[in-house]
Every structure is written in C-alpha cells, then in structure tokens.
2 protein chains.
Amino acid sequence: MTSRGKRFGAPHDGASRPTADKSERGIPEATVARLPVYLRALVTLSDRGIATCSSEELATAAGVNSAKLRKDLSYLGSYGTRGVGYDVEYLRYQIAREIGVTQDWPVVIVGIGNLGHALANYSGFSSRGFRIAALLDADPGRQGEVVGDLPILAFDRIEELVAEHGVAIGVIATPAPAAQAVCDRLVAAGITSILNFAPTVLAVPEGVDVRKVDLSIELQILAYHEQRKAGLLDRIDPGLPDTTPAMPGKTTTAKAVG
Amino acid sequence: MTSRGKRFGAPHDGASRPTADKSERGIPEATVARLPVYLRALVTLSDRGIATCSSEELATAAGVNSAKLRKDLSYLGSYGTRGVGYDVEYLRYQIAREIGVTQDWPVVIVGIGNLGHALANYSGFSSRGFRIAALLDADPGRQGEVVGDLPILAFDRIEELVAEHGVAIGVIATPAPAAQAVCDRLVAAGITSILNFAPTVLAVPEGVDVRKVDLSIELQILAYHEQRKAGLLDRIDPGLPDTTPAMPGKTTTAKAVG
DNA sequence: AGGAGTTTGTGAACGTGGGAACAAACCGAG
DNA sequence: CTCGGTTTGTTCCCACGTTCACAAACTCCT
C-alpha cells in the first residue's frame, strides 16, 4: 500500500551481492506490515512475565497462523531455537531493531482540529518508538494553544523543524482540500514519510512514502461485505430502481439475431 | 485484511451456478478495497461538473494506473463505452450500489474518549453512506454528555439498538484493555461488522468482519522504510550493541569441524 | 549415550494480484 | 458506407503472498 516507485531489494538478480546477508535486504512488504503486530504481541507477553513462547502461541496472540509467522520471522534471521521456541525479550529486540524503533522518531502533526487533538493526546505515540516533536496549524487562531503539553506552532516552522530536529515523518490531519498543499510543503521541507488522515489521494515524488488512514473507506469495505451477508439471507435487493441513472448511449444497434 | 474465515464466492467450482452473473459474486478483495477510492474520485469529478471521463483520467484521480482501474471496473460489469469513456454519474451510482452505500448504514461508536469525540464530530460520516446511530460508553460519568448532536448512552443499550434500529456496524474506540470484552458484547448483540481503533488483535467468530485502524502500526511501517532510506545514504547502523539482549542458549555444541 | 518428542526454518505447490498488450467496439469525418 | 482514431474489456503472463509438509535441530528422559 506504500506508494513507492520500486521496491528496494527487488529479486531481479539472484546472483548479485554475494555478501548479501539474510536480514540485509528484501523483506516482503506484507511481512513488514505484520512485524509491528508481532512486536506488540511480544511486548504484551513480556509484560505478563512470559520469557519464552512458541510460534503457535505468538501467532495466536498476533492473529495469524503459525506458518506465516515463522516464514515472516525467517526473513529477519534465525532467532528461534528448534524444539524450544522464541526468547521473548530477544525476539522483541530483534524485531524492534529491524523496524527501527529502538530509539524514538520525531513526528510532526499538521492540522490540529478534532482529529489532530485526539492524535496529540494519544498516549500510544510515545510508548512505541515515536515522539511528537511539534503540532502545526496554518490557522493563526489556533496557534499558541497548548494541546497535550505542546503548543500549536505556525505551519511555517516546518522547515526549521526538519533542519534542526531531524524530523522525517509527518502526519497530515487537515481537511481534505488543504492536504495536497500541506503535503507538497512537507516534501519540499525534507519530510520523506507521510501518514495521511485526510480523505484524499496524495501525489508525491519518488522516494517519499505515503500511508493513508481513511475511516470512510474502511467503513465502505465493511458495508460491502455486510450487504453481501444480508443478501445471502434475505435475497432482497435494496437498490432503488427509481433513482437509477440511465445508461448513456448503449443503443446496442441490435446487430445480432439477424 | 478482513478476518473472514472463507471468501464468499471462492472460485473453487467453475461449473456451478450457470446463471452466475458477472457482478453476482467473486469481486477480489483488493478490488473491493479500491472501489471506495474510485467512488470518491467520481464524486469529486461530479462536483466539478464533469460528465464523462476516460479510464486514464479516473485512474489518475484515484492514484492507480489505468489498466488496474479498468480491470477492477470489469468485475462490476461493462459500464463504460469504448471509444468514449465512462459517464460519471452512471458509474458513480453503479459503484455506490455495488458497495452498498446507496442508502445510509447506521453505525454505533463505543468508547467516547479523545478519539471517540473526534469520530463523533467527523463530518465525513454522514456524507458518505453512514449515519451515527448512537454513541455508547461504559463510564457513567460520560453518559448524558452531548457530543456532536448525540447524547452518550450506556453501553447496555447496544442490544436495543441492534434489535430496534438494525445497527450492524460497530466502531470500537475504547482503550486496548477493554476492546475484546466490548467486541464480544457487540457480537453477542448481533453486530456483524466491526471497525477497531484499539491497538489490539480482536478474536471474533466466523461470519464477523473486523477491520483495524492502527496509528502506531502505520507509523512503524513508515519508520522501517525511513530507516532503510537513511541506511542507504549514511551506512550508519543505529543499533546500540550495548543494550542488545544476548541470544539465549545457542551453545552450538561445536559439533562440526571435528 | 540414545531415542522419543517437540518446534523451528524452509522448499515446494497453490492461489491471488498486477501490468502489458491487444481485439472488440464506438465515434466522427468524408 | 467505409476508414481512421480512440478507448474499453479481456487475456495472458509474471511476481508476490500464503499454506502445506517435512527435514533439521534441540530438549528431555531413560
């Protein structure tokens, strides 16, 4: 789902890089997306004082099957012990290192409306490898207000934050019409990873990653399946034929059956 | 990503159902996930007064390539005109009907904390085929408070809402420790689709769909790629060897080289 | 030490998804 | 009516992701 031009370790050349270590390159995107889930499951196990777990146990905690879990972990290296399982602390560290959350990443949030407030107050940020470096908003009426220990700064400060604090990740929580302009400005300032909450498709240059979180898309996907479930039981087609737009053209010219 | 046991229209039997229409069954999950994006792009085009568009134009607006767009739309039927393109209003209605958002779905939100407030005030709900039927919270101190025109009700009211108002979709915005219990109660009450904002893996029975929105997972995926980008330039490994947990066991028993 | 039991890591088979390329179909001009 | 230009719908092929199944490797018990 990451809008990257090309994968990094594309397996186009099997014979290149004879020194290529297993964990060096080429972790599949689907696996990358699950590593944070495994990490969270390991943290939970660790908090419960569990020192060792099998792939079956960890897979259950993460909501996947054990074969997938083992294959995913095999891309990182051989961190388990056959006949025993995985050491929770050790595996937790290895995954955290692979993801890159052994130290905190500074993050800026742009657009402190309803959602931005909620994000600024979200405690899960700081606990899992991220730190809110600043809250930005273009509206002068909001600037200066303190939200969750941080003041809202002018959006103009973005270049300064990137240059002086090494911020690389930006969160866009603005209304949809402003998102693309904000995105362009973030990219120009040097931001290379963007998490977009605005319901818009963002266009970014090569080398910038965008991930989107979209409430209404998720709901619509659920609605599709829900409709299917209902249709299987009721066999009632809820489509209103009255408001159906007519098919344009399509005169079909009755060419067959001649 | 939907945690459904089995796909509905699994293509296990090509010869069954001779009356199987094209749009009847078997739209790939990846396509379903993109239909809402196409729908939004069409709404935008419609608002601009554009009556017709080519697959290339619509694909650009949706952030995909035209081949993928055409293939996706072909699963729904032949709604375009060769040599011309797609009628915006007509295609918009067809996609909306396929997704099931031609009329509104009632939705309940459980857990009206920071995030729940933001969701309750989110205007994109009502505009795109969904209607907030109720806000629920288990905390009596929050009950009665009015958020975005709706009062917060006791969580106990969930059965009543499902039975009397036909609510089928639930949004979980509670803290993580409460999420599974809330989920179980929703499922028991008859909810069959759940959108989970709590950072936990939810276990649900067959036939219930769960989709999750997880901020910290998205950020960690971005961090992984960000780390890779930095590594390609700097070749600095930021891993601190001091705090590395020791590999347990792995005595290796030096059996080879004998 | 040796064997039984357990669990990881991985090779192979299978299904799904993405993209190029092309035939079919439509429009408009002459 | 015919021809050239345009755009869709579909087919084919390849890459990716998932799952099965099993050898390798480890522990424990005798």
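Lettering of chains follows the sequences in order, A, B, ..., and the numbering in each one begins at 1.
Distance, Glu29(B) CD to dT16(C) P: 12 Å, rounded to whole Å. Separating the CD1 atom of Ile27(A) from the P atom of dC16(D) is a distance of 15 Å, rounded to the nearest angstrom.
Which of dG9(D), dG17(C), dG9(C) sits closest to the side chain of Pro28(B) comes down to dG17(C).
Note on Asn65(A): every side-chain N or O is 4.0 Å or more away from OP1 and OP2 of dT18(D). Here Tyr86(A) reaches the OP1 or OP2 of dG9(C): one of its side-chain N or O atoms lies under 4.0 Å away.
Residues from residues 51-63 of chain B placing a heavy atom under 4.0 Å of any atom in DNA chain D, listed by number, are Ser54(B), Ser55(B).
Aromatic rings of Tyr90(A) and Tyr79(A) (six-membered ring for Trp) have centroids within the 6.0 Å cut-off, being under it.
By the side chain to side chain contact (heavy atoms under 4.5 Å, CB included) test, Val213(A) is found to be paired with Leu195(A), Phe197(A), Val213(B), Glu218(B), residues two or more places apart in sequence or in another chain being considered. Remark: Ala203(A) pairs with Gln180(A) by the side chain to side chain contact (heavy atoms under 4.5 Å, CB included) rule, at least two apart or across chains. Every side-chain hydrogen bond (donor to acceptor under 3.5 Å, both in side chains) that Ser46(A) has, sequence neighbours left out, goes to Glu89(A), Arg92(A). Every residue two or more places apart in sequence or in another chain that forms a side chain to side chain contact (heavy atoms under 4.5 Å, CB included) with Ala61(B) is listed here: Ala41(B). With sequence neighbours excluded, no residue forms a side-chain hydrogen bond (donor to acceptor under 3.5 Å, both in side chains) with Thr52(B). In terms of the side chain to side chain contact (heavy atoms under 4.5 Å, CB included) criterion, residue partners of Phe125(B) (sequence neighbours excluded) are, by chain and number, Leu215(A), Leu219(A), Val107(B), Ile109(B), Leu119(B), Tyr122(B), Phe130(B), Ile132(B). Considering only residues two or more places apart in sequence or on other chains, Thr200(A) meets the side-chain hydrogen bond (donor to acceptor under 3.5 Å, both in side chains) condition with none of them.
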Annotated structure of DNA chain D as dot-bracket, pair cut-off 3.5 Å, Watson-Crick or G-U only, | for inter-strand, is ||||||||||||||||||||||||||||||
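Under 3.5 Å, the side chain of Lys68(B) and the base of dG17(C) form no donor-acceptor pair of N or O atoms.
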List every contact pair, protein side and nucleotides 21-24 of chain C side both N or O, where the distance is under 3.5 Å.
unit_1  : atom_1 : unit_2   : atom_2 : d
dA24(C) : N3     : Arg82(B) : NH1    : 2.8

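Within the structure, salt bridge (Lys or Arg N to Asp or Glu O under 4.0 Å) contacts touching residues 52-74 of chain B (residues at least two apart or in different chains) are Arg34(B)-Asp72(B). Each salt bridge (Lys or Arg N to Asp or Glu O under 4.0 Å) pair with one or both residues in residues 39-51 of chain A, not counting sequence neighbours, appears once here: Arg40(A)-Asp214(B).
At least one donor-acceptor pair under 3.5 Å links the side chain of Trp105(A) to the backbone N or O of Gly100(A).
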